[in-house]
Amino acid sequence: MEMLISVEPLAMGQAAERTCQIPQLVVWGDNIALDPLGRWPKIRAEAERYTEAVSANSGQVEVLDLPQLGHSGNTHLPMLDRNSEQVARLILDWMKRQEGRTS
């Protein structure tokens, strides 16, 4: 089964018909609003527009906001952070749920 997982993506592109048919997960860490140059809030806003477009076209997209889930201290590279195993577990659990939808 195809899946698209974006971890702190720099860009999401356009919600094309093909991408709307693939289950998608977007993962965000901490301190986006604290970016001194203001890049990350804009990047996240663009990603939110993308996820809204996917949803509006009957696509399946889920957003994991790590701080909202109680996982704080994540950088732009959560796979290198101290809680990387917890973040990986969240992603793997999502993947298992997607596989379960097709069986």
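Throughout, residue positions are numbered sequentially from 1 according to the sequence presented. The structure presented is a predicted model; accordingly, all values stated were derived computationally and were not measured.
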Only counting residues at least two apart or in another chain, list the ones meeting side-chain hydrogen bond (donor to acceptor under 3.5 Å, both in side chains) with D81.
-> N74, T75
Students should find that the hydrophobic cluster of V63, defined by side-chain heavy atoms under 4.5 Å apart, otherwise consists of L4, L10, M12, I22, V26, W28, I32, W40, I43, Y50, V54, V61
The complete set of salt bridge (Lys or Arg N to Asp or Glu O under 4.0 Å) pairs with one or both residues in residues 30-43, sequence neighbours excluded, reads D35-R39
Taking it one step at a time, do H71 and L90 satisfy side-chain contact (heavy atoms from CB on, under 4.5 Å)?
-> CA-CA 11 Å; H71 301 279; L90 291 170; 3.7 Å; yes
Counterpart residues, side-chain contact (heavy atoms from CB on, under 4.5 Å), relative to E62 (two or more places apart) | L25, L64, W94, R97
Please go through L37's hydrophobic cluster and name the other residues, only I, L, V, M, F, W, Y counting, with side-chain heavy atoms under 4.5 Å joining them.
-> none
Can you name the nearest heavy-atom pair linking A15 to A53, along with the distance?
-> CB-CB, 3.7 Å
Who pairs with M95 by side-chain contact (heavy atoms from CB on, under 4.5 Å), at least two apart in sequence or on another chain?
-> M3, I5, I91, L92
Residue set satisfying side-chain hydrogen bond (donor to acceptor under 3.5 Å, both in side chains) with D65, at least two apart, ordered chain then number -> R44
Atom pair OG (S72) and CG (N31), whose distance is rounded to the nearest 0.5 Å | 9.5 Å
Hits for side-chain contact (heavy atoms from CB on, under 4.5 Å) against Q60, two or more places apart or cross-chain, chain-then-number order -> P23, Q98, R101
Which pairs with one or both residues in residues 9-22 pass side-chain hydrogen bond (donor to acceptor under 3.5 Å, both in side chains), sequence neighbours excluded?
-> E2-R18
Hey, are the side chains of P78 and V7 touching, using non-hydrogen atoms and a 4.5 Å cut-off?
-> yes
